A.B. asks: 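Before we start, here is the structure in question, set down as C-alpha cells.
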Amino acid sequence: MSLAESFVKTPGWLDYYSGPSKPRFQLPAGAVDAHCHVFGPGDVFPYASQRKYTPCDAPKEALFALRDHLGFEKNVIVQATCHGTDNRALLDALKSSGGRARGVATVSQDVTDTELQAMHAAGVRGTRFNFVRRLADFTPPKVLADLAARIAPLGWHVVVYFEAKDLPELYDFFTQLPTTVVVDHMGRPDVTQPVDGPEFQRFVRLLAEHPNIWTKVSCPERLSQSGPPALDGEQYAYRDVVPFACQLVQSFPDRVLWGTDWPHPNLKSHMPDDGLLVDYIPQIAPTAELQRKLLVDNPNRLYWR
Ligand code: 0GY
C-alpha cells in the first residue's frame with residue numbers, strides 16, 4: 001500500500017457525528033465511557049499494514065472534548081484492529097489524559113515483560129482478543145491462553161469481541177481464562193431472535209455460571225434493526241435492543257459496563273448522535289442505583305482500583 005493510499009478511508013465509512021446534542025439524561029458524577037477508541041491521526045500514528053479497514057482520524061483531543069461535552073468524567077480507550085498491536089496512539093492518549101483514561105491494549109506473543117510494565121504504568125489494564133472474522137485473522141487459542149497467563153499477574157483482564165454465532169466454539173476457551181473476562185457489545189446478539197431464545201440464553205448462561213465474566217451493554221446502533229429515534233417524534237431509540245441489554249443489566253448489575261464506542265468504526269448506514277446514545281441509557285438501566293453501578297461503580301472497580 002502506498003503512503004497516499006494508506007490514509008484513504010474505507011469506501012462507505014462514515015465520519016463520526018459532528019456537533020452531537022447535549023444529552024437530556026444527566027450522567028451521574030464520576031461516570032465512565034468504558035468503550036471508545038482513538039484513531040491516529042494517521043500521519044503521526046500510522047495504521048497497521050495488516051488492517052482490514054482504514055478509519056477516519058479520531059484523535060485524543062476530539063475524544064476528550066466529547067467526554068466533556070457528554071458529561072463523562074473518564075474514558076476507557078480500547079485498541080482497535082486498525083492499529084494492530086501498535087499501541088502508540090493509545091498510550092499517547094492515556095499519558096495525555098491526566099489519569100482520566102485507562103486502556104485496553106492488543107499485544108502479540110513477542111511482547112516483553114518490560115513493555116507490559118510500561119503499558120501498565122501508562123494506564124493499560126487489559127488486553128483484547130478479537131474473534132470477529134471480518135476484523136481479525138485467526139490466532140491459535142494456545143497463543144492467546146499463554147498471553148492471558150502472562151497478563152494475569154499484572155491484575156489485567158481480557159476483553160473479548162465475537163459474534164453470537166461463534167460463541168459455541170469459543171465457550172470453553174472463555175471459561176478457562178484465568179482473569180476477569182469482559183465481553184464487548186453483549187456478544188453481538190442477533191436481535192431479531194427472541195430474547196429468551198437459545199442463542200441469547202447461551203450468552204446469559206455464560207455469565208450466570210461464570211462470575212468472572214462481565215459484559216458491555218453497548219452498541220445498540222450496531223445491533224439494532226429498528227434504528228435511532230425517527231424524525232417524526234418516535235421517542236425510543238434502538239427499541240429492539242433494549243430487552244437484551246435490560247436482561248443483562250438486571251441480572252448482572254455488578255458486571256456490566258457501558259461505552260459510546262466513539263468514533264463508531266465500520267458503521268455504514270447511519271452514524272449516531274452521541275448525545276442521543278447517552279439518552280438511551282435510562283431505557284436499559286431504569287433506576288438511579290442501576291445507573292450508578294453501570295456507569296460509575298463497575299468501571300471504577302475494574303479500571304481505577
Ligand atoms: C468496536 C467494533 C468494531 C471494530 C473493532 O477493533 C476493531 O476494529 O472493534 C466493529 O467493526 O464492529 O467495538 O469498535
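What you see below is based on every heavy atom in this structure, not just the backbone, and it leaves out hydrogens, waters and symmetry mates. Quantities reported herein were computed from a predicted structural model and do not represent experimental measurements. Numbering of ligands and ligand atoms starts at 1, following listing order.
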A.B. asks: Taking the six-membered ring for Trp, are the ring centroids of Y303 and H157 within less than 6.0 Å of each other?
C.D. replies: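 Ring centroids of Y303 and H157 are less than 6.0 Å from each other.
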
A.B. asks: Counting each atom of ligand 1 from 1 as listed, which ones have a heavy atom of Y53 under 4.0 Å away?
C.D. replies: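 In order of numbering, the contacting atoms are 7 (C), 8 (O).
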
A.B. asks: As a check for students: among K52, H185, E163, identify the option with a heavy atom nearest to atom 13 (O) of ligand 1.
C.D. replies: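 Shortest heavy-atom distance from atom 13 (O) of ligand 1: H185.
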
A.B. asks: So, does N75 use its side chain to make a donor-acceptor pair with the main chain of I77 at under 3.5 Å?
C.D. replies: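 Looks like no, no N/O pair under 3.5 Å.
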
A.B. asks: Compute the shortest N/O to N/O distance between D261 and ligand 1 and return yes if it is under 3.5 Å, no if not.
C.D. replies: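 Checking ligand 1 against D261, an N or O pair does fall under 3.5 Å apart.
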
A.B. asks: Quick check against the 3.5 Å criterion: does Q79 have a side-chain atom that pairs as donor or acceptor with the backbone of G84?
C.D. replies: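 Checking the backbone N and O of G84 against the side chain of Q79, a donor-acceptor pair under 3.5 Å is found.
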
A.B. asks: State whether the side chain of W156 and the backbone N or O of V124 hold a donor-acceptor pair below 3.5 Å, judged by distance alone.
C.D. replies: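 Judged by distance alone, yes, a pair lies under 3.5 Å.
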
A.B. asks: Is it the case that over 12 heavy atoms from other parts of the model lie below 6.0 angstrom from the CD atom of Q26?
C.D. replies: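 It does not: Q26 CD has 12 such atoms or fewer within range.
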
A.B. asks: Which atoms of ligand 1 have any heavy atom of A80 under 4.0 Å away?
C.D. replies: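 Near A80, meaning under 4.0 Å from one of its heavy atoms, ligand 1 has 6 (O), 7 (C), 8 (O).
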
A.B. asks: Atoms of ligand 1 less than 4.0 Å from Y161 heavy atoms?
C.D. replies: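 Once the distances to Y161 are compared, the set is 2 (C), 3 (C), 9 (O), 10 (C), 12 (O).
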
A.B. asks: Can any side-chain N or O of D273 pair as donor or acceptor with the backbone N or O of S21 at less than 3.5 Å?
C.D. replies: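 Flag set: sc D273 to bb S21 pair under 3.5 Å.
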
A.B. asks: So which protein heavy atom does atom 9 (O) of ligand 1 come closest to, and at what separation?
C.D. replies: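 It is R128 NH2, 2.8 Å.
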
A.B. asks: Does H37, backbone or side chain, put an N or O under 3.5 Å from an N or O of ligand 1?
C.D. replies: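 Min N/O separation from ligand 1 is below 3.5 Å for H37.
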
A.B. asks: Any non-hydrogen atom of H264 lying under 4.0 Å from ligand 1?
C.D. replies: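 No.
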
A.B. asks: Which of these, T54, D57, D86, T81, sits in a side-chain hydrogen bond (donor to acceptor under 3.5 Å, both in side chains) with Y47?
C.D. replies: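 Filter result, single survivor: D57.
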
A.B. asks: Counting each atom of ligand 1 from 1 as listed, which ones have a heavy atom of H35 under 4.0 Å away?
C.D. replies: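 The atoms of ligand 1 under 4.0 Å from a heavy atom of H35 are 1 (C), 13 (O), 14 (O).
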
A.B. asks: Please work out, at 4.0 Å between heavy atoms, whether the side chain, the backbone, both, or neither of N130 comes within that distance of ligand 1.
C.D. replies: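 The part of N130 near ligand 1 is the side chain, not the backbone.
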
A.B. asks: Hey, is the main chain of E199 close enough, under 3.5 Å, to the side chain of D190 for a donor-acceptor pair?
C.D. replies: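 Side chain of D190 to backbone of E199, a donor-acceptor pair under 3.5 Å: no, none is there.
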
A.B. asks: Measuring from E221:CD to C219:SG, what's the distance to the nearest 0.5 Å?
C.D. replies: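 Between atom CD of E221 and atom SG of C219 there are 4.5 Å.
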
A.B. asks: Need the ligand 1 atom indices (1-based, order shown) with element for anything under 4.0 Å from a heavy-atom of N266.
C.D. replies: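 Counting atoms of ligand 1 from 1, those under 4.0 Å from N266 are 10 (C), 11 (O).
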
A.B. asks: Mind checking whether R51 contacts ligand 1 via backbone (N, CA, C, O), side chain (CB onward), both or neither, at a 4.0 Å heavy-atom cut-off?
C.D. replies: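 It is neither part, as no heavy atom is under 4.0 Å.
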
A.B. asks: Give me the nearest non-hydrogen protein atom to atom 5 (C) of ligand 1 as residue plus atom name, then the distance to 0.1 Å.
C.D. replies: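 Ranked first by proximity to atom 5 (C) of ligand 1 is L135 CD1, 3.7 Å.
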
A.B. asks: Within 45 degrees of the axis of the six-membered ring of W304 and under 6.0 Å from its centre: does K74 put its NZ or CZ there?
C.D. replies: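 Yes; both conditions hold, so K74 lies above the ring face of W304.
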
A.B. asks: Just need the protein heavy atom nearest to atom 10 (C) of ligand 1, so name the residue and atom and give the distance.
C.D. replies: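 That would be R134 NH2, 3.4 Å.
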
A.B. asks: Any atoms of ligand 1 less than 4.0 Å from a non-hydrogen atom of R188? List them with their elements.
C.D. replies: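 With R188 as reference, the close atoms of ligand 1 come out as 12 (O).
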
